[in-house]
Amino acid sequence: IGEGRVDGWLVLDTSAAVPDLQADLTLSDLNLDKLLPAEEKPAEPEAKPAAKTSDDKLFSDAPLPFETLSKADIKATLRVSNLVRNNRRVKDAEIKIDLARGKLSVSLLKLASVQGELEGVFEVDASGNKTPAVMIKLKAPKLDLGEILASGDVTTTIEGPLATDIFLRAQGNSLAQIMGSLTGNINLLMEDGSADAKALDMLVGGLSAMFGTIFTDQSSKTRINCAICDLTLKDGMLTPQLAVLDTEYSTVFAEGQVDLKNEQLDIKVSPEAKGVTLSVAVPVRLHGKLSDPGIEVEKAGALIKTGQLWATVVYPPAALVKFTDLGGGKQNPCVSMVAEKGGMPILDGVGKVVGGVVKGTEGAVKGVGTGLGKIFGSEEDTDSTTDTENDVDEDDFDDY
């Protein structure tokens, strides 16, 4: 087919009441942008679109077509090599699809941009008369953001290895119901990355006012030393237990909550400057509706000094254990920083620059800020081996 080819086999059986499709296909060197007709762009409206109202919603209440999952049974394996679609290239991937009696399971078995063992599963159970249930699980020790986000020959604006451990479950007949019932955990860990101004601006909430907290006036690109993120979701309420982004010019902290059910958010983003080259280093608060959040810059606040925000972080040391085998684990600077603040030195032989401080080869980064003994004020037992209200096991999906 053009410069590419399709290999494998496909069997379609329509003799039964429910058609059965089985396939094992390999797609190689296919440019679908050239093979498929280009999508027609809608005509420009003559009148300007109406301004957003307070009733605007991001998540639709319209029923999703779950009934189509019972129209056929499918068991297929798809392998992709050098596939281009929408100017994005997939170098190498393998996907397994299993659909039977309204239950769909899609497993990502291989992806070229992932190094190490990959576990990716998406499940939908729309069988019977019960409310459809959805489950997503993704665990990867090293995702290459540069390769995933790249479009064609254009270099991505965010680059670096990202480790992920995600497990989410929900139920509902519409996108709004699913988002409003999301429950689970999202753990992210990054190290030795880079990003330009627009990318980091988007990452911290689309705030132009934040540029000065991350970049100098002479550069539009900065190094990301590390990032660590622990998000919990309970019935659509997203809460950052720990969210830190450390760059060469600042360390950015996030706290608050996002109500996905009512589409409301209240998030405070606080930068901690490194040095005196930055023009802005004050907290910024995002609040209101997700579709049109309000932004408040606390200009009256004093310049945040190094270590000041670290002294306010409350993160149980036992909860940090789940990051030690994720991505760079113990060697990640953000993991070592959080561990050191909690009096739990889990690292040896580390001498990396984090928070503007370097300490030799006999321990984690030390000496950042004052009053650090006040953190980790929570005495709650959060051992990762014990189920708590916010912890979700894959077996919980069976409850639906």
Side-chain angles (χ1 to χ4, degrees), residues 1-40 64-128 132-154 156 161-169 394 397:
I1 304 178
E3 298 178 355
R5 59 182 291 135
V6 177
D7 296 284
W9 56 267
L10 182 148
V11 176
L12 175 62
D13 183 359
T14 60
S15 62
V18 177
D20 182 81
L21 173 67
Q22 299 190 33
D24 190 307
L25 301 174
T26 299
L27 314 179
S28 306
D29 301 319
L30 287 177
N31 189 331
L32 299 183
D33 290 342
K34 294 181 179 180
L35 296 174
L36 299 179
E39 297 181 0
E40 295 184 2
L64 293 170
F66 287 116
E67 67 278 0
T68 60
L69 296 179
S70 60
K71 301 296 184 182
D73 290 341
I74 300 175
K75 184 180 281 294
T77 299
L78 300 179
R79 300 175 185 85
V80 171
S81 177
N82 195 28
L83 178 74
V84 176
R85 180 56 175 161
N86 294 328
N87 204 30
R88 294 184 180 274
R89 186 180 304 276
V90 178
K91 291 183 179 180
D92 195 11
E94 183 175 350
I95 302 171
K96 183 178 180 181
I97 302 171
D98 195 343
L99 173 61
R101 297 179 296 277
K103 292 184 179 180
L104 171 66
S105 176
V106 180
S107 301
L108 183 59
L109 305 178
K110 182 180 180 182
L111 189 62
S113 55
V114 176
Q115 298 182 20
E117 185 176 354
L118 168 67
E119 185 178 7
V121 180
F122 171 68
E123 293 183 358
V124 178
D125 187 353
S127 61
V134 178
M135 188 273 286
I136 299 175
K137 187 172 185 179
L138 175 63
K139 187 169 184 178
K142 191 174 182 180
L143 277 165
D144 189 338
L145 281 178
E147 184 173 332
I148 291 177
L149 300 178
S151 176
D153 297 327
V154 179
T156 181
L162 176 69
T164 65
D165 189 357
I166 300 171
F167 178 69
L168 299 173
R169 60 180 175 85
E394 187 174 359
F397 183 69

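Just so it is clear, the structure is predicted and the values come from calculations on it, not from any experiment.
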### Message
If I take atom CE from residue M135 and atom OG from residue S105, how far apart are they, to the nearest 0.5 angstrom?
### Response
7.5 Å
### Query
Okay, side chain of D29, backbone of R5: is any donor-acceptor separation there less than 3.5 Å?
no
#### Entry: Inter-residue atom distance F122.CZ - L108.CG, 0.5 Å rounding
13.0 Å
### Query
How close do D73 and R101 get, heavy atom to heavy atom, and via which atoms?
OD1-N, 3.2 Å
### Query
Are any of the side-chain heavy atoms of Q22 and W9 separated by less than 4.5 Å?
yes
### Over all atoms of both residues, closest heavy-atom pair of A93 and L111
CB-CD1, 3.9 Å
### Task
With rounding to the nearest 0.5 Å, note down the distance linking CD in E94 to OG in S81.
12.0 Å
### Message
Heavy-atom count check: over 12 atoms from other residues, nucleotides or ligands less than 6.0 Å from E3 CD?
### Response
no
### Message
Looking at every non-hydrogen atom in both residues, tell me the closest pair between K91 and A112 and how far apart they are.
### Response
CB-CB, 3.9 Å
### Query
Are side-chain heavy atoms of L118 and K110 found at a separation under 4.5 Å?
no
### Query
Between R79 and D24, does at least one N-O distance fall below 4.0 Å, as a salt bridge requires?
yes
### Message
Are L99 and V106 packed together at the side-chain level, in the sense that at least one heavy-atom pair is separated by less than 4.5 angstrom?
### Response
no
### Message
What's the separation between atom CG in L138 and atom CD1 in I136, rounded to the nearest 0.5 Å?
### Response
9.0 Å
### Message
Nearest 0.5 Å, please: how far is CG in D92 from CG in L83?
### Response
11.0 Å
#### Entry: N82 vs N31 side-chain heavy atoms within contact, under 4.5 Å
no
### Query
So, D98 and K96, do they make that salt bridge, N to O below 4.0 Å?
no
### Minimum-distance pair of heavy atoms, taken over all atoms of S127 and K103
OG-CE, 3.4 Å
## Note on the structure
What one should report as the nearest heavy-atom pair of K71 and P19 is O-CD, 3.3 Å
### Query
Do L27 and L78 have side-chain heavy atoms sitting under 4.5 Å apart?
no
### Query
Can you tell me how far OG1 of T164 sits from NZ of K137, rounded to the nearest 0.5 angstrom?
12.0 Å
### Task
Find out whether V6 and L30 are in side-chain contact, i.e. whether some heavy atom of one side chain is under 4.5 Å from a heavy atom of the other.
yes
### Query
What heavy-atom pair brings P65 and T68 nearest, and what distance separates the two atoms?
O-OG1, 2.7 Å
